[in-house]
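Take a look at the structure set out below.
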Amino acid sequence: MERVIRSNNLKKAAFLSCLNTSTATLSEAKQAHTHVIKEGLSSQTRIATKLLSIYANHQCFTDAYSLLCRIPEPDILSFASLINACSKFDRFSDALKVFVRMLGRSVFPDARILPTAIKACAGLSALELGRQVHAFGVTSGLMLDSFVESSLVHMYVKCDELNYARKVLARMSEPDVASCSALASGYAKKGDVGNANVLIREMEKQGIQPNLISWNGMISGFNQSGAFSEAIGVFKVMHSGGFKCDGVSLSCALAAVGDLEDLIVGVQIHGCVIKLGFRSDKYVVSSLLDMYGKCGCASDIIPVFEEIDHKDVGACNALIASLSRAGMVAEAVKTFKQCQEQGIELDVVSWTSLIAGCMQNGNDIEAVDLFREMQVAGIEPNYVTIPCLLTACASIAALAHGKAAHCFSLKRGFSDDLYVCSALIDMYANCGRIQAARRCFDWEPSRNLVCWNAMISGYAMHGRVKEAIDIFHLMQSSGHKPDFVSFTSVLSACSQRGLVEEGKRFFSSMSADFGIKPRMEHYACMVSLLGRTGKLEESYSLIKDMPFAPDACVWGALLSSCRVHQNTRLGKVAANALFELEPNNSGNYILLSNIYAAKGKWNEVHKVRDMMKSIGIRKNPGCSWIEVKNKVHTLLAGDSSHPQMKQILEKVNKLSMEMKMAGYLPDTKFVLQDVEELEEREHILCGHSEKLAIVFGILNTNPGTSLTVMKNLRICGDCHTSIKFISSFEEREILVRDTNRFHHFKDGMCSCEDLW
DNA sequence: ATAGGGTTAG
């Protein structure tokens with residue numbers, strides 16, 4: 001019997017000495033494991049603990065956990081090995097599960113395991129659990145350990161309970177650097193400059209020298225609260241105090257400089273990077289590229305990028321984002337492809353940057369295509385990708401893609417994210433689905449101002465002024481102060497419906513009650529509101545009284561109203577101002593010539609057209625889109641290359657015959673070409689792109705399906721009349737979004753009540 | 001077996 005025990009002890013010793021926890025590979029561990037079972041040593045606490053910790057360090061948590069459960073008498077080290085490994089790989093809830101199991105097995109925690117348990121609470125932002133562990137620390141006397149104390153300070157900071165963190169710090173007999181700097185960086189993260197500085201001074205008074213972690217924590221904390229100049233300030237103090245910074249300090253400082261667009265300081269920090277030898281630190285490299293990009297040197301950084309030896313994804317991403325931001329989408333796409341070819345594994349950030357770049361530069365279709373490619377490439381979109389895609393869907397009214405993105409975010413559990421939510425509201429509103437937008441709005445548990453504004457502007461776009469104003473008031477009673485965007489939306493709603501008195505009241509209340517100075521867009525809304533209701537003189541005097549020079553939107557609003565009310569005198573004034581501001585915008589010339597044409601002043605029409613010719617500008621081609629069977633189809637006026645064009649035109653002609661028989665007369669004053677022949681003019685009317693898109697929709701969808709069409713210009717009066725007819729003749733609900741608003745055609749009527 | 005700092009996308 002004694003011999004058996006002795007030989008077992010020998011085997012045990014042999015095992016313990018030959019397996020090194022930190023260097024053992026997974027296959028070595030598995031081999032050893034089988035051996036241990038064969039030798040009947042698996043119930044030995046030390047051996048099993050060693051094995052489980054190797055498993056855990058290879059992230060084989062289930063194997064490790066089942067090993068732990070099979071140890072008859074696990075000690076604190078058995079639990080600690082697994083808890084620490086879980087926490088190392090951010091598996092905080094697993095770490096806590098093991099911790100709770102440990103307590104259940106009546107193994108008493110010590111001061112070495114408590115910080116990890118507290119860290120897990122912090123990682124999960126589990127304040128209640130953290131408090132319980134804190135209470136345990138107090139009753140057990142383990143609170144006297146400085147590691148336990150500083151991890152508690154950190155936990156409270158992470159859970160946004162700075163007052164608790166402060167209390168813990170105040171009760172410490174000997175506050176240390178770690179605890180002080182954790183709280184200081186907590187204040188920095190809140191943008192609380194005052195308290196952060198007070199704490200630093202306190203530290204100095206008590207003779208506690210800040211270390212590298214303290215400095216870096218402050219810089220990164222200020223970055224997180226958007227206090228970039230404070231961050232740079234800390235960096236400068238650190239630097240001038242002779243404190244040697246590292247890659248962390250440099251990458252944080254560069255990020256701050258990028259957001260401040262301070263090229264001079266950026267170049268200085270670049271100098272530090274070279275001098276201190278951090279040129280190959282991947283974090284430093286990407287924030288360096290990002291900094292130059294944000295400081296307006298996007299094109300200069302391509303050669304810099306090419307010289308980098310080890311191109312990391314982060315560096316690629318910074319370059320792609322910088323190029324996109326600078327409007328160089330083609331270059332961004334090129335860089336993206338080159339990185340792919342070089343075998344760099346591009347990630348969500350890379351794809352999202354490119355999608356965002358396309359979306360921000362008007363390449364919305366490309367953005368939607370990229371989103372699909374991304375999924376084919378096996379990259380999961382996240383809570384940043386989705387709002388980018390949704391914004392692209394909104395501008396091209398790609399409802400099917402937008403809905404798919406909505407489903408995706410529901411499945412992934414980030415449909416409540418505020419960016420996602422406001423983008424959803426915007427997408428549905430822009431795709432003509434105002435009720436769906438409202439549902440997303442109602443579902444959001446913690447709406448922010450952006451959500452409220454998206455909802456108001458959605459209603460405004462649909463001409464639903466009552467709802468827009470209701471939401472505007474509801475927003476205030478829910479404790480949100482309207483900002484300039486809210487006022488733009490509510491004023492534009494008033495303008496859609498011609499509510500002069502309400503509009504005027506909002507306009508004056510904006511500065512009087514909310515201290516918001518009217519901006520250009522507010523004036524544009526007022527000019528359009530007054531103009532639309534025929535108060536052209538009042539509209540013009542508002543422009544003359546503006547405290548700053550009116551832009552093209554303001555003059556454009558006046559010019560449009562002059563067309564509606566056929567005022568040649570003011571129309572000329574507005575047009576002349578516009579010719580100065582944007583000489584190449586064909587729309588302005590066309591509006592003016594329309595005003596003349598409507599009054600039969602053909603001489604003047606010719607003059608305007610000659611002017612266009614002499615400057616060499618052409619009419620901006622009308623273009624409409626419609627989504628049919630998950631695909632966005634574009635239709636151009638007079639585009640003979642479209643495969644279904646013959647069929648479409650036949651149907652258009654058939655419809656106009658029906659229309660004539662029903663007693664509708666084509667409104668030829670909307671024809672832009674100065675064709676004298678009436679029949680010819682009618683023929684041109686047939687070709688307006690919105691009509692083509694609607695007929696395309698009728699031909700390619702089942703009877704009764706509602707159609708949603710988008711147009712890049714304002715809808716013309718003749719199309720408006722025709723579409724009203726088509727909606728009743730074909731028994732279809734038709735939604736048309738032009739540059740101004742939505743028109744909802746149903747049973748021969750339009751939601752704008754012919755006021756637009 | 002212990003706590004504390006980093007870049008790039010909306």
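Note that this is a predicted model, so its numbers are computed, not measured. Here is the naming used below: chain letters follow the sequence lines, and residue numbers restart at 1 for every chain. Quick note: numbers below take in every heavy atom, side chains included, and nothing from hydrogens, waters or symmetry partners.
No contact: F79(A) has no heavy atom under 4.0 Å from any strand. As judged by a 4.0 angstrom heavy-atom cut-off over every strand, D75(A) is placed among residues making no nucleic acid contact. Looking at heavy-atom distances under 4.0 Å, D246(A) makes contact with a base. Within the nucleic acid shown, A111(A) comes within 4.0 Å of at least one base atom, counting heavy atoms only. Residue S81(A) is classed as having no contact, given no heavy-atom separation below 4.0 Å to the nucleic acid. In this structure, T352(A) reaches the bases: a heavy-atom distance under 4.0 Å links it to at least one base atom across the strands shown. Within the 4.0 angstrom heavy-atom criterion, base atoms lie near D110(A). A321(A) comes within 4.0 angstrom of sugar-phosphate atoms only, judged by non-hydrogen atoms across all strands, and of no base.
Under the 30°/60° scheme for interplanar angles, the aromatic rings of Y156(A) and Y164(A) are found to lie parallel.
Put simply, CD1 on I219(A) is 15 Å from C1' on dG4(B), counting in whole angstrom units. Going from atom CZ of F222(A) over to atom C1' of dG6(B) covers 17 Å, rounded to whole Å. The distance from atom CG of D290(A) to atom C1' of dG10(B) is 14 Å, rounded to the nearest whole Å. Residue N223(A) contributes atom CG, which lies 10 Å from atom P of dG6(B) at whole-angstrom precision. Per the geometry, CG belonging to D176(A) stands 12 Å off P belonging to dG4(B), to the nearest Å. For the pair F235(A) CZ and dT7(B) C1', the computed distance is 15 Å after rounding to whole Å. As a whole-Å value, the separation of L68(A) CG from dA1(B) C1' is 13 Å. Atom CD1 in I320(A) sits roughly 19 Å away from atom P in dT7(B) (whole-Å rounding).
No donor-acceptor contact under 3.5 Å links the side chain of N216(A) to the base of dG4(B). On a pure distance criterion of 3.5 Å, no polar donor-acceptor pair joins the side chain of S353(A) and the base of dA9(B). Taking 3.5 Å as the limit, the base of dT7(B) and the side chain of S286(A) contain a donor-acceptor pair of atoms between them.
At least one side-chain nitrogen or oxygen of K119(A) sits closer than 4.0 Å to the OP1 or OP2 atom of dA3(B). Not one side-chain nitrogen or oxygen of H154(A) sits closer than 4.0 Å to the OP1 or OP2 atom of dA3(B). For dG6(B), the OP1/OP2 oxygens have a side-chain nitrogen or oxygen of S220(A) closer than 4.0 Å. Proximity of R112(A) to the phosphate of dA3(B): no side-chain N or O atom is located under 4.0 Å from OP1 or OP2.
Under the 4.5 Å side-chain criterion, counting only non-hydrogen atoms from C-beta, I71(A) is not in contact with Q44(A). A heavy-atom distance below 4.5 Å is not found between the side chains of D364(A) and V368(A). Two residues are said to be in side-chain contact when any heavy atoms from C-beta on lie closer than 4.5 Å; C316(A) and T335(A) fail this criterion.
Across dG6(B), dT8(B), dT2(B), the shortest atom-to-atom separation from the side chain of F147(A) is found for dT2(B). The I213(A) side chain lies nearest to dG4(B) when the options are dA9(B), dG10(B), dG4(B). Side-chain atoms of C388(A) lie closest to dG10(B) of the nucleotides dG10(B), dA3(B), dG6(B). Closest approach to the L212(A) side chain among dT2(B), dT8(B), dG5(B) is made by dG5(B) (side chain taken as heavy atoms from C-beta onward). Across dA1(B), dT8(B), dG4(B), the shortest atom-to-atom separation from the side chain of V349(A) is found for dT8(B). Nearest to the side-chain atoms of V284(A) among the listed nucleotides dG10(B), dG6(B), dA3(B) stands dG6(B). Distance from the side chain of A255(A) is smallest for dT8(B) among the nucleotides dG6(B), dG10(B), dT8(B). Checked against dA3(B), dG10(B), dT8(B), the side chain of Q360(A) finds its nearest nucleotide in dG10(B). Of all nucleotides listed (dT2(B), dG5(B), dT7(B)), dT7(B) comes nearest to the side chain of Y283(A). With distances taken from any side-chain atom of P387(A) to the nucleotides dG6(B), dT8(B), dG10(B), the minimum falls on dG10(B).
No more than 12 heavy atoms of other residues, nucleotides or ligands shown are found within 6.0 angstrom of NE2 on H239(A). The environment of K403(A) atom NZ is sparse: at most 12 non-hydrogen atoms of other residues, nucleotides or ligands sit within 6.0 angstrom.
For D94(A) (side chain) and K97(A) (main-chain N/O), no donor-acceptor pair under 3.5 Å exists by modelled atom type.
Where pairing requires Watson-Crick or G-U contacts shorter than 3.5 Å, DNA chain B shows no helical stem with at least three consecutive pairs.
In terms of the salt bridge (charged side-chain N to carboxylate O under 4.0 Å, His left out) criterion, R279(A) has no residue partners (sequence neighbours excluded).
A salt bridge links R412(A) to E380(A): at least one charged side-chain nitrogen sits closer than 4.0 Å to a carboxylate oxygen.
Residue pairs meeting the salt bridge (Lys or Arg N to Asp or Glu O under 4.0 Å) criterion with at least one member in residues 281-291 of chain A, sequence neighbours excluded, are D290(A)-K294(A), D290(A)-R325(A).
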